[in-house]
Amino acid sequence: MSHTHVAGSIHADVASAAPAWLRLPDDVNTLLPELWSKNVAKDGNGELTIGGLTVSQIADEVGTAAYVLDEDDLRQRARDYASAFDGWGVYYAGKSLLCKAVARWVTEEGLGLDVCTGGELAVALAAGVDPARIGLHGNNKSVEEITRALEVGVGRIIVDSDDEITRLIELSEQLDKHPRLMVRVTTGVEAHTHEYISTAHEDQKFGFSIAGGQAAAALRRIHDHPRLQLVGIHSHIGSQIFDADGFEVATRRTLRLHAAFAEETGVELPELDLGGGFGIAYTSQDTPSTPQQLAEALNKIIAAECATLGVAVPHLSIEPGRSISGPSAFALYTVGTVKQVLLDGGASRLYVAVDGGMSDNIRTALYAAEYSATLASRRSDAGPALSRVVGKHCEGGDILVRDEFLPSDIRPGDLIAVPGAGAYSRSMASNYNHVPRPPMVSVRDGRISTLIRRESIDDLLALDVG
Ligand SMILES: *Cc1c(COP(=O)(O)O)cnc(C)c1O
């Protein structure tokens, strides 16, 4: 873990205010390949390139801030899940990044698509996704959302409350439908990043509790109703998870419920969904598993547990979001101002302000998420400076990258790229301070396509009708 360096006291000063995990780079121009999509590299001038285009070419064409997506990389990640989880259903979690092109790409690569609002459903349908391959989530689905889902015939609705079951019964009678339903359960497992917590009961808004008996009651209520088709149990334990322990405990608890239901009713439910949450590398600290490793671990856990319980292995599914969309895009910014701030103990930090911020990536402010960054538009011969990449919003917490070593000569006009910007960046973007949201562009074989155009001040004013 600790990185020894020969350069002595200068580096010791530079690094003194850095977090322990942050490696002092030998060369500030170097990319850590595990953080970037497969068609990203630095060229002979030290400039970042993606799919044969330099970031300057992209900035000239679409401006900054922008999200830049590697189409081939995203498709490859979708394919890798489909092949590693052979025989499973793989549903891409659209909430991580959804636009018509991405919906088409993931379904072309063989995946299904999860949505959790009427808005996400509308994008999926506008992209031409077969409704039978769509799953609808959400803890508070409206009458309009359920009606739309029933009318178009989504493949499965993941039910989250008793009120929703009542609504589903009424609406499916009115519309003469027989929807396919899964029951979202809470297993008492909560996974965060490198650890998970397993508790007896759970204090959160999603799902029906297994421990409290509500999950069994919901299964029974749906099973007993002639309008409703009960397909199976659904569990999702969290996000940015790096080990299988949380999945193991959740799977065991879920399969026990599955077996108890079979015992009680004589029916082994045909399906089981284990949700998403597989972690990706935002910084050198993160060590994600491959889809192949995940599939092996989950198949083993499930085979063992089903054998113990004496039930057949149901048809399984997962719902990766971040691990497909996240690493495939970087955010591209232009540096506007650079400030050196002296810290206690004689160290200093460069505050590098860019033309975006918490409105295009809220995760650092919201969850203390960690990111990395690189000087993208040129090579630098300067040494590393402990830096913080901040935005342009009127908020002290408007931080994009809390800790990174950038070259000490970083200056206004430089381009900076932040990897891992495919997931939960555009999808969680806001118009805070009336900053228009950046475009999402994709690159493939030297060509740029705009997937979502840049928002304009006119777009914002068009909403303001008072
Ligand atoms: C958010 C979510 C996912 C996807 O999570 P990732 O961390 O992006 O993989 C999958 N399933 C459900 C039910 C979710 O809420």
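All ligand and atom numbering here is 1-based and tracks the order in the structure.
A donor-acceptor pair shorter than 3.5 Å can be found between the side chains of H234 and E319. Side chain to side chain, Y92 and R133 fail the donor-acceptor criterion of an N or O pair below 3.5 Å.
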Side chains of residues 297-306: which donor-acceptor pairs under 3.5 Å do they make with residues two or more places apart or in other chains?
residue	atom	partner	partner atom	Å
N299	OD1	W88	NE1	3.1
N299	ND2	A295	O	3.1

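In this structure a side-chain-to-backbone donor-acceptor pair under 3.5 Å is present from S96 to A93.
Ring geometry, F278 versus F85: the interplanar angle falls under 30°, so the pair is classed parallel (tilted spans 30 to 60°). Between H393 and Y432, the two ring planes are parallel [angle under 30°; tilted spans 30° to 60°].
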List, for ligand 1, each N/O atom that has a protein N/O partner under 3.5 Å away, with both atom names and the distance.
residue	atom	partner	partner atom	Å
ligand 1	7 (O)	S239	OG	2.3
ligand 1	8 (O)	R322	N	2.7
ligand 1	8 (O)	Y424	OH	2.6
ligand 1	9 (O)	G277	N	2.8
ligand 1	9 (O)	G321	N	3.0
ligand 1	11 (N)	H236	ND1	3.4
ligand 1	11 (N)	E319	OE1	2.7
ligand 1	15 (O)	K95	NZ	2.6

